[in-house]
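One structure is given here, and the rest of the page talks about it.
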Amino acid sequence: MEYVVLNNGLKMPKLGLGVYQIADELACRNTVESALDIGYRLIDTAQAYHNEKFVGDAIKQSNIPREELFITTKLWLADTGYKSTIKAFENSLKKLGLDYLDLYLIHQPIGDYYGSWKAMEELYE
């Protein structure tokens with residue numbers, strides 16, 4: 001697997017699986033499990049995809065050490081703002097069954113994205 005090094009020193013795989021439009025639980029879990037089995041280590045989901053729990057279940061089932069994975073999810077525009085971002089972040093972690101995310105993005109820069117950015121800076125620390 002090839003990687004790119006981000007500004008904060010994290011190594012992000014250049015190839016990953018996005019699970020946009022895989023809303024069916026079994027299809028999502030099977031897709032993520034298969035991708036992990038063949039060597040994918042970056043999984044990209046989002047609150048708006050409504051499949052974070054399915055992705056988390058597949059990650060747990062894989063028994064791949066967490067530090068070998070790069071997990072991305074995204075803040076939905078309805079959750080922008082400082083307090084809402086923190087709550088949404090915690091909800092995503094809970095659904096994914098993870099202690100941390102490798103990348104957390106603002107899905108669309110609409111609403112109070114400045115407040116979201118401030119919250120994300122604090123969450124990163």
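As the structure is a prediction and not an experimental result, all values here were calculated from the model. Atoms considered below: every heavy atom in the structure, side chains included; atoms not considered: hydrogens, waters and symmetry mates.
- Under 3.5 Å, the side chains of S92 and E52 contain a donor-acceptor pair of N or O atoms.
- Residues I59 and S62 approach most closely at O-OG, 2.6 Å, considering heavy atoms.
- Residue L10 is grouped with residue V4 when hydrophobic side chains (ILVMFWY) are merged at heavy-atom distances under 4.5 angstrom, including chains of intermediate members.
- Here L101 contributes atom CG and T73 contributes atom OG1; the two are 6.5 Å apart, rounded to the nearest 0.5 Å.
- M120 is not connected to W76 by any chain of hydrophobic side-chain contacts under 4.5 Å among Ile, Leu, Val, Met, Phe, Trp and Tyr, and they are in different clusters.
- Using a 4.5 Å heavy-atom cutoff, the side chains of F70 and K11 are not in contact.
- Contact between F54 and R29 at its shortest, heavy atoms only, is O-CG, 3.4 Å.
- Of all heavy-atom pairs spanning D44 and T72, the tightest one is OD2-CG2, 3.4 Å.
- Note on I64 and L15: same hydrophobic cluster, where clusters join Ile, Leu, Val, Met, Phe, Trp and Tyr whose side-chain heavy atoms are under 4.5 Å apart, directly or indirectly.
- In terms of heavy-atom proximity, Y104 sits nearest to L75 at OH-CD1, 3.4 Å.
- Taking hydrophobic clusters as Ile, Leu, Val, Met, Phe, Trp and Tyr residues chained together by side-chain heavy-atom distances below 4.5 Å, Y49 shares a cluster with L69.
- Taking the side chain as every heavy atom from C-beta outward, V32 and V19 approach each other to under 4.5 Å.
- Here the straight-line distance linking atom CD1 of I71 with atom OH of Y100 works out to 9.0 Å at 0.5 Å rounding.
- Here the closest heavy-atom approach between residue K14 and residue M1 is recorded as N-SD, 4.5 Å.
- A distance-only check finds no donor-acceptor pair linking the side chain of E2 to the backbone of P13 [under 3.5 Å].
- The structure places NZ of K74 at 6.5 Å from OG1 of T45, a figure rounded to the nearest 0.5 Å.
- You'll find the side chain of R66 reaches within 4.5 Å of the side chain of D102, heavy atoms only.
- Figure legend: R41 and Y3 shown without cation-pi pairing, the cationic atom not lying both under 6.0 angstrom from the six-membered ring centre and within 45 degrees of its axis.
- Residues Q61 and E33 meet the side-chain proximity criterion, which asks for heavy atoms closer than 4.5 Å.
- At a threshold of 4.5 Å between non-hydrogen side-chain atoms, the residues M12 and L42 count as touching.
- Going from atom NZ of K118 over to atom CG of L123 covers 11.0 Å, rounded to the nearest 0.5 Å.
- By the rule that hydrophobic residues join a cluster once side-chain heavy atoms approach within less than 4.5 Å of another member, W117 and I110 end up as members of separate clusters.
- Between K53 and L96 the shortest side-chain heavy-atom distance does not fall below 4.5 Å.
- Put simply, the residue from L36, I43, I22, N51 that forms a side chain to side chain contact (heavy atoms under 4.5 Å, CB included) with T31 is I22.
- Side-chain contact check for N8 and Y124: at least one donor-acceptor pair (N or O, by modelled atom type) lies under 3.5 Å.
- Between F89 and D79, the closest side-chain pair of non-hydrogen atoms is not below 4.5 Å.
- Distance check: T85 OG1 to Y113 OH gives 13.5 Å after rounding to the nearest 0.5 Å.
- Across all their heavy atoms, L17 and A35 have their closest contact at CD2-CB, 3.7 Å.
- Atom CG of D99 is surrounded by 12 or fewer heavy atoms from other residues, nucleotides or ligands within 6.0 Å.
- A side-chain donor from one of E122 and Y82 sits under 3.5 Å from a side-chain acceptor of the other.
- Annotation: the span from L105 atom CG to S116 atom OG amounts to 12.0 Å, rounded to 0.5 Å.
- A distance-only check finds no donor-acceptor pair linking the side chain of S84 to the backbone of G81 [under 3.5 Å].
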